[in-house]
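Presented below is the structure to which this report refers.
Throughout, a chain's letter reflects where its sequence line sits, starting with A, and its residues are numbered from 1.
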2 protein chains.
Amino acid sequence: MTDTGKKKATIYDLSVLSGSSPSTVSAVLNGSWRKRRIKEATATLIQGLAVDHGYTANLQARGLRSSRSGLVGLLLPVYDNRYFSSMAQSFEAEVRSRGQCPVVVSACRDPEEERQVVETLISYSIDELFIAGATDPDGVHDVCEKAGLRHVNIDLPGTKAPSVISDNYGGARMLTQAIIERALADGPVPPEEIYLFGGRDDHASRERIRGFRDVKRAMLGGDPDACIRPTGYSPGMTARAFEAFYADHGKLPRGFFVNSSINLEGLMRFLAQHPHETFADIVVGCYDYDPFGSFLPFPVFMIRQDSEAMITKGFEILGTSRAPAVTHLVPPMLVPPRTALTGPLDALKDIE
Amino acid sequence: MTDTGKKKATIYDLSVLSGSSPSTVSAVLNGSWRKRRIKEATATLIQGLAVDHGYTANLQARGLRSSRSGLVGLLLPVYDNRYFSSMAQSFEAEVRSRGQCPVVVSACRDPEEERQVVETLISYSIDELFIAGATDPDGVHDVCEKAGLRHVNIDLPGTKAPSVISDNYGGARMLTQAIIERALADGPVPPEEIYLFGGRDDHASRERIRGFRDVKRAMLGGDPDACIRPTGYSPGMTARAFEAFYADHGKLPRGFFVNSSINLEGLMRFLAQHPHETFADIVVGCYDYDPFGSFLPFPVFMIRQDSEAMITKGFEILGTSRAPAVTHLVPPMLVPPRTALTGPLDALKDIE
DNA sequence: CTTTTTTGCACAATCGATGGTGCAATGAAT
DNA sequence: ATTCATTGCACCATCGATTGTGCAAAAAAG
């Protein structure tokens, strides 16, 4: 309130006001004053002035000088689904609790964009980077490496940096088994009635497909590759795959595994085009959890990936210097139909 | 590739390599070289060197000098729901297309946190700020004002800065009417069968409640205030409100208006505790769109708020200097049950 | 062949904070 | 009273880019 001017106070302003030198002011305000043997009285005086004048450090200047910024980056493919937005939420909380500033950016699954965005972050001297769901983790790694930026892959692994990912194979096995068991409860199920839709040629998709195939073969036999439809990640393409199946068979498969919640949106688009009653007897599994997806008018098993644990593990890895480029698996959780899990939002205010 | 070293090249490195002065290099690399009458040949030479050595400007240094950063901030209450994550997605795209760098941060609906986060952003000299869904927009305004930071409110209006918000009253009217008409299709509806759940004492909630009340009174009569349950925004509290109603009446209301998708999660928590069949005949309206919420096993009307238009309008306002602190309404859209809208994700790669 | 104009660039101050170094004043030890 | 150690702080170079200013050399005008 004492400060009526438009410009922000700097250490030089406080230096004049306090009669101390700028370096003394700096030391007091960044906490290194004990080490610099500043008198307690001097420190108190300056701190008081700082409060009065609403001083806040210019973090660009600090960053320039110290070539660190206090920023921690999270590179996301997209915001607009529950898995990644929930990850962003956990990330924010974790970074804040460490007294740093989270910066979340998305790169739209475009390898070139990924590298550019990271270049930009590096230009701001970010201290650490979480690379989540990158299309080209190793490409991003090279960029980080050159700048000496510590980084870790989340969700999709790279070969050149440590990675923390969901146990896609294990999760896919659980999910496939749940789908098939549920379908079997109503009578025999021929193998050609169990499908997988979505995903593309990335590590996660491959592992999920492998898990699906192994469990399906073990439980039902049949040609394991016949019923797999990798459509990419777009809802539009996924919907087309459902339409194609429907055109051929006059119905959807008895049970199917959907690679992600984004692909599950493709199912919604398909459903919007067809009367509801036709599909009362399908069993769906989705490798992602969404609280509304869990309550659709047919059984939907979901896999809830533990993004919070991944973030925590990521920080742990970044904490250990010279971490080897190994991949850590985080077990996901099978969520039965009609389940409302709590999420990071529940940690917020407004609860009482 | 030519650059094998660990440290990033600076204009001084290029200055030595090219035999020009640092200021010339700077001018060439930031595009102001024509204005500074640098020879085309010199420019080409330096640009070539820059590419060879993988030069990228240190944006902290640039920001320090020019007291602008190229950063545009978006302050969000939370990431973890479709409305805000979709807003973040649109925001990213828009900011990128303007050659700036988006920074998205969340403040968890905590007024103190909001101000602190904005202080931090200001310390990085961000150029513009979008304040979305702030609990205390005017408090944030004061902080921005003091720093001379251009800003605009989105979603929840303030009194001291221009605001762009959803037409909550109009949207609530549409939604309420849709709920009641749908309920009436199956027979008469007493006014005490139509409720509103969720929201708290903010502008959006008040307007929505007003719209609900006006339409309900006009269509059904009855005491307009008896059936309103403002539970705050948490899923947990919303679920409790449903439980309380259920304990009293042995069922849910025939039709009800849910204030937001976060509140709708509270309904899921309630449903998880009760057998599905009991609620086959409810009609729900939700002030927010969620692609999975639209396909729940009962009719769900939704309001899709046009976050993209709000962002665009926000930029337009920030573009006009000295914009007055007026509130702009963006009309939302009523989405009938079982509708799968396309979103920002559809603009991505991977479509073909 | 001068004088004027234009071209092309170098110089140096500056943004705000940091941290190594040096030095006066004070107190303790001899 | 002299020497030495400690305390408390000021000085200054530095981080990398931007930008106003000034001044040669080249080109145009006379």
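- Looking at B:Ser67, its side chain never comes within 3.5 Å of a backbone N or O of B:Gly63 through a donor-acceptor pair.
- With values rounded to the nearest 0.5 angstrom, B:Ile126 atom CD1 is found 11.0 Å from B:Arg150 atom CZ.
- Note: CZ (A:Arg37) to P (D:dA10) measures 13 Å, nearest angstrom.
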Query - Check against ring-ring contact (aromatic ring centres under 6.0 Å, His included), A:Phe130 and A:Phe315 - result: CA-CA 9 Å; A:Phe130 285 67; A:Phe315 271 108; 4.8 Å; yes
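- Looking only at distances, a side-chain donor or acceptor of A:Asp138 sits under 3.5 Å from a matching main-chain atom of A:Thr159.
- Contacts of residues 116-127 of chain A with DNA chain D (heavy atom under 4.0 Å): none.
- Distance CD (B:Glu40) to C1' (C:dG8): 14 Å, rounded to an integer number of Å.
- In this structure, B:Phe84 has its ring center no closer than 6.0 Å to that of B:Tyr79.
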Query raised in the report: For nucleotides 13-21 of chain D, read 5' to 3', which letter fits each nucleotide if B means a protein heavy atom sits under 4.0 Å from the base, S means only the sugar-phosphate is that close, and - means neither?
Result: BBBBBBBB-
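- Shortest non-hydrogen contact noted between B:Ile311 and B:Met87 is CD1-CG, 3.9 Å.
- Rounding to whole angstrom units, NZ of residue A:Lys35 and P of C:dT21 are separated by 14 Å.
- Residues A:Gly158 and A:Asn153 share a closest heavy-atom pair of N-ND2, 3.3 Å.
- Each salt bridge (Lys or Arg N to Asp or Glu O under 4.0 Å) pair with one or both residues in residues 87-101 of chain B, not counting sequence neighbours, appears once here: A:Glu113-B:Arg96, B:Glu92-B:Arg96, B:Glu94-B:Arg98.
- Summarising the geometry, the separation between CH2 on A:Trp33 and P on C:dG19 is reported as 17 Å, rounded to the nearest angstrom.
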